[in-house]
Protein chains: 2
Amino acid sequence: MEERDIKRAGLKITQPRVKILDLLSNSQEHHLSAEDIYKLLLGNGEEIGLATVYRVLTQFEAAGLVNRHHFEGGQAVFELATEEHHDHMVCMKTGRVVEFYDEIIEQRQQELARLHNFRIKDHSLILYGEFIGESDENA
Amino acid sequence: MEERDIKRAGLKITQPRVKILDLLSNSQEHHLSAEDIYKLLLGNGEEIGLATVYRVLTQFEAAGLVNRHHFEGGQAVFELATEEHHDHMVCMKTGRVVEFYDEIIEQRQQELARLHNFRIKDHSLILYGEFIGESDENA
DNA sequence: GATTAACATGATAAAGTATATCATTTCATT
DNA sequence: AATGAAATGATATACTTTATCATGTTAATC
Ligand SMILES: [Zn+2]
Ligand SMILES: [Zn+2]
Ligand SMILES: [Zn+2]
Ligand SMILES: [Zn+2]
């Protein structure tokens, strides 16, 4: 994701938009809440408003540049939409997020939808638990 | 679910608790938000406070009497925990909720967890879309 | 490069969902 | 019925997100 993509979305290339896209592209943990992004940017010495972060993320989502997920814990998290579709395992101790994709599950969803005369537009599969043998020291 | 279950949970049998349990037991749509419950009870002429509804639902959840789900749309919804585990399809037009259970998906989740050294404590699978050939007249 | 109109930002207000507080009421035991 | 413990409900507060709007920025045009 780069400036090209912002323009392609019909949005002006502004500092806040570029900064947010850069952060999502380069951050180690790439599932970030709006507030995470806001604080990380402030920590980097950038000037940005929280309202702008929320607004831009919503615009990016509408443009298909980012995906929004509702993990438990109040705040939605965002990630770049560069990767293929995947679902998530979330560690309840450390907050660590691992992505996975399983063709069998995806196909069964379609099959179940068909059985119920349902057309799937989107879905959310989140496994909550913990990684075995992992401490929560860096939670 | 009945008064017996409230007592079993170590809670006093009070009017608000009984009313909420009755509503969840007898309501046509049994996935209700705290505010749904509050307004339905008020509509029935019952006197109850919104804070009590939230408090009681949280207690019921902790006691395993109800399950909480985070469908999209801000408010969490609750349902009695009498049924076996199931997942949900949610119509984005009408709000209609259909429950399903698929052994293959459940087993694949376990398998994927094993592959990632993950112990599943809980999971959430929600399919969003629409039921084919259904209008949104009573959305 | 300057002009300019449209667009974007950010401080703040406001909305929406849920929890905390606490004086009063209800429950359940004696 | 008396009584202490627990629960209620009005309200305040917390928390996440969106709306408002004066000001600042972008990008197209000259
Ligand atoms: Zn999936
Ligand atoms: Zn992801
Ligand atoms: Zn399931
Ligand atoms: Zn259900």
Side-chain angles (χ1 to χ4, degrees), chain A residues 2-23 31-63 65-78 95, chain B residues 2-23 31-63 65-78 95:
Chain A
E2 39 178 339
E3 303 194 358
R4 183 183 316 278
D5 299 291
I6 297 175
K7 183 164 286 172
R8 201 176 288 134
L11 300 169
K12 284 187 180 177
I13 296 173
T14 63
Q15 287 305 306
R17 285 174 181 152
V18 172
K19 293 289 192 291
I20 291 170
L21 215 48
D22 282 355
L23 188 62
H31 302 91
L32 298 173
S33 71
E35 203 177 354
D36 288 339
I37 292 170
Y38 173 65
K39 286 182 174 165
L40 284 168
L41 288 177
L42 287 192
N44 288 355
E46 310 290 350
E47 295 207 342
I48 195 164
L50 181 57
T52 301
V53 176
Y54 274 105
R55 195 190 306 112
V56 167
L57 286 169
T58 299
Q59 292 165 334
F60 282 0
E61 185 192 22
L65 298 182
V66 309
N67 292 128
R68 183 194 305 246
H69 305 290
H70 291 92
F71 297 164
E72 285 191 18
Q75 288 169 279
V77 299
F78 300 82
Chain B
E2 38 179 338
E3 304 195 358
R4 183 183 317 279
D5 300 290
I6 297 175
K7 183 164 287 173
R8 201 175 289 132
L11 300 170
K12 283 188 181 177
I13 297 173
T14 63
Q15 287 304 306
R17 284 173 181 154
V18 172
K19 293 289 193 291
I20 291 171
L21 217 48
D22 282 355
L23 189 63
H31 301 91
L32 299 173
S33 71
E35 204 177 353
D36 288 339
I37 292 169
Y38 173 65
K39 287 182 174 165
L40 284 169
L41 288 177
L42 286 192
N44 289 355
E46 310 289 350
E47 296 207 341
I48 195 165
L50 181 58
T52 301
V53 176
Y54 274 106
R55 196 190 306 112
V56 168
L57 286 169
T58 299
Q59 292 165 334
F60 282 0
E61 186 191 22
L65 298 182
V66 309
N67 292 128
R68 183 193 305 244
H69 305 290
H70 292 91
F71 297 164
E72 286 191 17
Q75 289 171 277
V77 299
F78 300 82

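Throughout, protein chains are lettered first and strands after them, A, B, ... in sequence-line order, and every chain is numbered starting at 1.
For the pair A:R17 CZ and D:dT26 C1', the computed distance is 10 Å after rounding to whole Å. One interatomic measurement links the two molecules: CG of B:D36 to P of C:dT17, which rounds to 10 Å at whole-angstrom precision. Taking atom CD on B:Q59 and atom P on C:dA18, their separation rounds to 16 Å, with Å as the unit. Here the C1' atom of nucleotide C:dT17 and the CD atom of B:E72 are 16 Å apart, to the nearest Å. The interatomic distance linking B:K19 (NZ) with D:dA7 (P) rounds to 17 Å, in whole Å. Put simply, CD1 on B:I20 is 8 Å from P on D:dT8, counting in whole angstrom units. If you take CD of A:E47 and C1' of C:dA8, they are 16 Å apart, rounded to a whole angstrom. Taking atom CG of residue A:L32 and atom P of nucleotide D:dT17, one finds them 13 Å apart after rounding to whole Å.
Among the protein residues, A:A76 comes within range of the sugar-phosphate backbone only, with heavy atoms under 4.0 Å from sugar or phosphate atoms but none that close to a base.
For A:I48 against A:Y38, the heavy-atom pair with the smallest separation is O-CE1, 3.2 Å. The shortest non-hydrogen separation linking B:V53 to B:A34 is CG1-O, 3.5 Å. Pairing each heavy atom of A:L57 with each of A:V66, the nearest pair is O-CG2, 3.8 Å.
Side-chain atoms of A:R17 come within 3.5 Å of backbone atoms of A:K12 as a donor-acceptor pair (strictly under, hydrogens ignored).
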Using a cut-off of under 3.5 Å, enumerate the N/O to N/O pairs linking the protein to nucleotides 26-30 of chain C.
{"from": "C:dC27", "atom 1": "O2", "to": "B:K12", "atom 2": "NZ", "distance (Å)": "3.3"}
{"from": "C:dA28", "atom 1": "OP1", "to": "B:I13", "atom 2": "N", "distance (Å)": "2.9"}

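Checked for salt-bridge contact, B:D5 and B:R8 meet the test: a charged N lies under 4.0 Å from a carboxylate O. Taking 4.0 Å as the cut-off between side-chain N and carboxylate O, A:E3 and A:K7 do not count as a salt-bridged pair.
Using a 4.0 Å cut-off on heavy atoms, the residues of residues 50-57 of chain A that approach DNA chain C are A:A51, A:T52, A:R55, A:V56, listed by number.
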Original post:
Would A:K39 and A:L42 count as a side-chain contact (heavy atoms from CB on, under 4.5 Å) if you check the C-alpha gap in whole Å, the side-chain angles of each, and the deciding distance to 0.1 Å?
Top reply: CA-CA 5 Å; A:K39 286 182 174 165; A:L42 287 192; 5.5 Å; no
Subject >> side-chain contact (heavy atoms from CB on, under 4.5 Å) between A:H70 and B:H70, worked out >> reply: CA-CA 8 Å; A:H70 291 92; B:H70 292 91; 5.9 Å; no
**OP:** Before giving the answer on side-chain contact (heavy atoms from CB on, under 4.5 Å), spell out for A:D36 and A:F78 the whole-Å C-alpha distance, their side-chain angles and the decisive distance to 0.1 Å.
**Re:** CA-CA 10 Å; A:D36 288 339; A:F78 300 82; over 6 Å; no
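Mapping B:Y38 and B:G10 onto DNA chain D by nearest heavy atom places B:G10 at the nucleotide closer to the 5' end.
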